[in-house]
Structure formats: structure tokens, C-alpha cells
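Below is the structure I would like to discuss, written out as C-alpha cells.
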Amino acid sequence: MPELPEVEVIRRDLERDVGGKKIKKVEVPGMRSIRRHPNKKHFIGLLEGRRIKFLDRRGKFLLFHLDDGVILVTHLGMSGQLLRAKQSREKLAKHTHVILTFTQGGQLRFRDPRTFGEMFIIEKGGLAACRELAELGVDPLETPVSWDDFGRMMLVRKTKLKALLMDQKFLAGLGNIYSDEILFAAGLAHDRKSDSLSTQEVRRLYRSLVETIQDAVKYRGSTLEDNGYVDPNGDPGEFQHHHAVYNREGEPCPRCRKPIIRRKLGNRSSFCCEACQV
DNA sequence: CGCGTCGCCTGTGGGC
DNA sequence: TGCCCACAGGCGACGC
């Protein structure tokens with residue numbers, strides 16, 4: 001499940017790999033992944049002939065900045081992948097929904113079996129009017145806030161910690177995996193109210209947030225058994241080997257050795273150590 | 001306002 | 001061997 005660290009790894013890889021390349025041809029087999037556009041022609045016409053200048057990330061959104069102020073926005077949803085093909089004749093993986101072919105040769109392919117992800121284009125000057133980007137909260141990697149600002153932000157909302165960490169309008173980029181890992185690292189329970197934390201707990205949560213995200217990027221993201229996330233080269237990440245709680249039900253807590261607990265929270269699996277997280 | 005639940009999707013794997 | 005169903009979960013919509 002691509003969250004901030006995975007999208008950041010993809011951004012860095014692609015910045016190096018497709019930055020400066022010119023889009024010669026765009027193929028879109030189905031409408032599902034470009035559902036915001038009225039038709040394929042509209043989407044394709046905005047991309048063909050334009051050059052990729054640089055890549056930017058906002059939370060889980062990846063932004064390809066093109067010539068003429070045009071921006072190609074990608075959200076990978078649950079199962080989206082951006083895959084590089086050095087040669088156009090490489091076999092197409094099933095569920096490939098968008099194919100960009102470069103004048104310099106090679107392709108960038110958007111593959112997404114569960115189709116929760118999407119691609120859409122913002123035309124020149126339209127960035128501020130894009131609501132889901134405008135409403136995103138602070139990106140913990142792009143815009144570091146001080147821990148006391150972070151504490152003030154938490155006081156404004158009086159909500160459960162896990163839901164708050166995953167709220168893209170509060171912090172941009174965290175999902176189910178990293179919110180569980182951050183809460184474990186901070187020793188805080190998922191249902192603690194955001195305005196109930198002591199100064200020390202706020203500081204611990206803030207430090208856990210920053211360190212977990214940085215570590216996850218360092219280890220190139222988390223790839224679970226379903227291989228949902230791979231980098232543009234098709235290679236998995238390594239951070240799953242460093243998870244303390246996520247997907248480790250029954251295994252001993254790395255801190256106290258009591259078994260990791262799994263529970264359902266709002267139709268999602270949530271992992272924690274009930275002894276260490278209070 | 002917070003909070004829970006559902007629908008959108010498809011591949012995978014367990015039970016029978 | 002096949003069939004059914006639970007599960008994976010980001011996110012918006014909806015109801016209380």
C-alpha cells in the first residue's frame with residue numbers, strides 16, 4: 001500500500017530516470033484510471049509532446065511537472081505501480097492502464113489491479129483550484145514543523161490518535177502501516193485523544209513520526225506478501241523487515257516480548273502491543 | 001463536530 | 001477440482 005515513504009522512493013527514482021524526457025506517445029486502454037477526464041483524447045492531448053521537468057510529491061500524490069505549467073498527478077491508491085520499461089517491446093503486465101512512451105525510447109507504465117488509483121492532469125494555473133491537493137495537511141518530509149507547533153495542531157482536534165495520523169487533511173501521507181508503526185514507536189495507544197497528550201508524549205510522537213518516515217524511505221518502503229508495492233524497477237522495499245508491529249500478530253513485541261495484538265478498527269486491521277502502548 | 005459504516009475494485013487463499 | 005467468501009485498504013459519501 002503505497003504511503004508517503006513508497007511514493008517518495010518512486011519520486012526520487014523517477015526524477016533521476018525520466019526527468020527531462022519528452023513524452024512522444026500516450027496509450028490508455030481503459031477509462032477507469034483517468035476517470036476525471038471526459039475522454040481519452042482529452043488526457044492524451046494534454047501529455048503528448050510535453051517534457052517532464054521535475055517531480056514533486058504532496059502526501060501520497062506524485063506530481064509530474066511538465067512544460068507549459070501542465071501537471072500530471074498520480075495517486076497509487078491501494079495497488080498502483082509506476083513501472084519503467086527500458087524498451088517498448090517488454091511484455092505488458094496485466095492491469096496496465098496508462099503507457100507513456102518517450103522520444104528517447106522506453107516507457108513509463110501505470111499498473112493498478114484494484115483500480116483505486118488514478119491519473120489526472122492539472123492545466124496551467126489550475127494547481128490552487130485542485131481541492132484534494134489544496135486541502136492536504138502538512139507533509140512531514142517536505143515541510144518539517146517544530147514539535148511544539150505539532151502539539152498545538154493536535155490540540156485543535158480532539159480525536160483519536162490513529163484516525164488523526166491517517167487524516168490527510170491533518171498530516172499528508174500516512175496510511176495504515178505507518179500510523180501503526182509510529183504509534184508503537186511512540187508508545188501510544190490508537191484511541192488516545194489528541195488533546196490528552198503530555199508535553200513529553202507529544203515530543204515522543206513527533207520524533208517517532210519523523211524517524212519512522214525517514215527510516216522507511218532509507219529502506220525503500222514496505223512490500224507485503226502481495227507485492228502490492230514495488231519500485232519503478234519492479235524491486236520490493238525492505239522496510240517490512242523492520243516493522244515492529246504491522247502484520248506481526250502473535251509475534252513477540254520487540255520491546256516487552258508480549259504477543260502483538262491485531263484488531264479491527266473501522267474495517268481495517270490494526271496492530272499494536274497493548275502492554276507498551278498506553 | 002467526531003465517528004462508524006459502506007461501496008468501489010480484483011487477486012489471493014482458506015474451507016468445504 | 002471448483003465454488004464461495006473473507007480479506008487486503010485509500011478515500012469519499014452518508015447517517016447519527
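Numbered from 1 within each chain, the chains take letters A, B, ... in sequence-line order.
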- Phosphate contact (B:dG2 OP1 or OP2) by A:K193 side-chain N/O below 4.0 Å: no
- Within less than 4.0 Å of OP1 or OP2 of C:dA8, is there a side-chain N or O belonging to A:S79? no
- Mark yes or no for whether A:S194, through its side chain, and A:R157, through its backbone, hold a donor-acceptor pair below 3.5 Å. yes
- Does A:W147 reach the side chain of A:R207, with side-chain heavy atoms less than 4.5 Å apart? no
- Item | Pair A:E274 + A:R263, salt bridge at N-O below 4.0 Å | yes
- Note on the structure: Scanning both residues in full, the closest heavy-atom pair of A:E181 with A:H242 reads OE1-O, 4.4 Å
- Once each nucleotide of nucleotides 11-16 of chain C is scored for protein heavy atoms under 4.0 Å, what B/S/- sequence comes out, 5' to 3'? B-----
- Compare the minimum distances between each of B:dG2, B:dC3, C:dA8 and the side chain of A:S269, then state the nucleotide with the smallest one. C:dA8
- Task: Rounded to the nearest angstrom, tell me the gap between atom CG in A:D167 and atom P in B:dC1.
- Result: 11 Å
- Bend of the helix from B:dG2-C:dC16 to B:dC16-C:dG2 from end-axis comparison, five pairs per end, nearest 10°, comes to 50°
- Query: What is the distance from CG of A:N176 to P of C:dA8, rounded to the nearest Å?
  - Reply: 9 Å
- Query: Would you call A:R11 and A:E8 a salt bridge, taking side-chain N to carboxylate O under 4.0 Å as the test?
  - Reply: yes
- Starting from C1' on C:dA8, measure out to OH on A:Y229 and report it in whole angstrom. 19 Å
- Query: Does any N or O in the side chain of A:D139 come within less than 3.5 Å of the main-chain N or O of A:R58, such that one atom is a donor and the other an acceptor?
  - Reply: no
- Item | Check against salt bridge (Lys or Arg N to Asp or Glu O under 4.0 Å), A:R50 and A:D68 | CA-CA 8 Å; A:R50 291 211 157 87; A:D68 310 320; 2.8 Å; yes
- Would you classify A:R262 as touching base, sugar-phosphate or nothing, given that sugar-phosphate means primed atoms plus P, OP1 and OP2, and contacts are heavy atoms under 4.0 Å? sugar-phosphate
- State whether A:R220 and A:D13 are salt-bridged, where the test is any N-O pair (Lys NZ or Arg NE/NH1/NH2 against Asp/Glu carboxylate O) under 4.0 Å. yes
Donor-acceptor contacts, no H, no angles, side chain residues 119-131 of chain A, under 3.5 Å, sequence neighbours left out:
residue, atom, partner, partner atom, Å
A:R131, NE, A:E135, OE2, 3.1
A:R131, NH2, A:E135, OE2, 3.0

- Item | Spacing of A:R35 atom CZ relative to B:dG7 atom C1', expressed in whole Å | 13 Å
- Task: Taking A:R204 for its side chain and A:A186 for its backbone only, find out whether a donor-acceptor pair lies under 3.5 Å.
- Result: yes
- Query: Within this structure, what is the OH-to-P distance between A:Y178 and C:dG10, rounded to whole angstrom?
  - Reply: 12 Å
- Query: Thinking salt bridges, do A:K193 and A:E201 make one under a 4.0 Å N-O criterion?
  - Reply: no
- Message: Has A:K21 got a side-chain atom pairing as donor or acceptor with A:D17's backbone, closer than 3.5 angstrom?
- Response: yes
- Task: Take A:T159 and A:N267, find for each the nucleotide of DNA chain B with the closest heavy atom, and name the residue whose nucleotide sits nearer the 5' end.
- Result: A:T159
- Scan A:K162 against the nucleic acid and name what it touches under 4.0 Å (heavy atoms): base, sugar-phosphate only, or nothing. nothing
- Message: Counting primed atoms plus P, OP1 and OP2 as sugar-phosphate and everything else as base, spell out the protein contacts along nucleotides 9-14 of chain B at 4.0 Å heavy-atom distance: B, S or - for each nucleotide, 5' to 3'.
- Response: BBS---
- Write down the distance between NZ (A:K264) and C1' (B:dC3), rounded to a whole number of angstrom. 18 Å
- Over how many whole Å does the gap from A:M78 atom CE to B:dG7 atom C1' extend? 14 Å
- In whole angstrom, give the distance that lies between atom CD of A:E118 and atom C1' of B:dC8. 13 Å
- Using a cut-off of strictly less than 4.0 Å between a heavy atom of the residue and any atom of DNA chain B, enumerate the qualifying residues of residues 134-141 of chain A by number. none
- So the ring-ring contact (aromatic ring centres under 6.0 Å, His included) pairs with at least one residue in residues 23-51 of chain A (sequence neighbours excluded) are A:H37-A:H42, A:H37-A:F43
- Message: Show, in sequence, the C-alpha distance, side-chain angles and deciding distance for A:R114 and A:D112, and conclude whether the salt bridge (Lys or Arg N to Asp or Glu O under 4.0 Å) test is met.
- Response: CA-CA 6 Å; A:R114 280 172 245 182; A:D112 186 14; over 6 Å; no
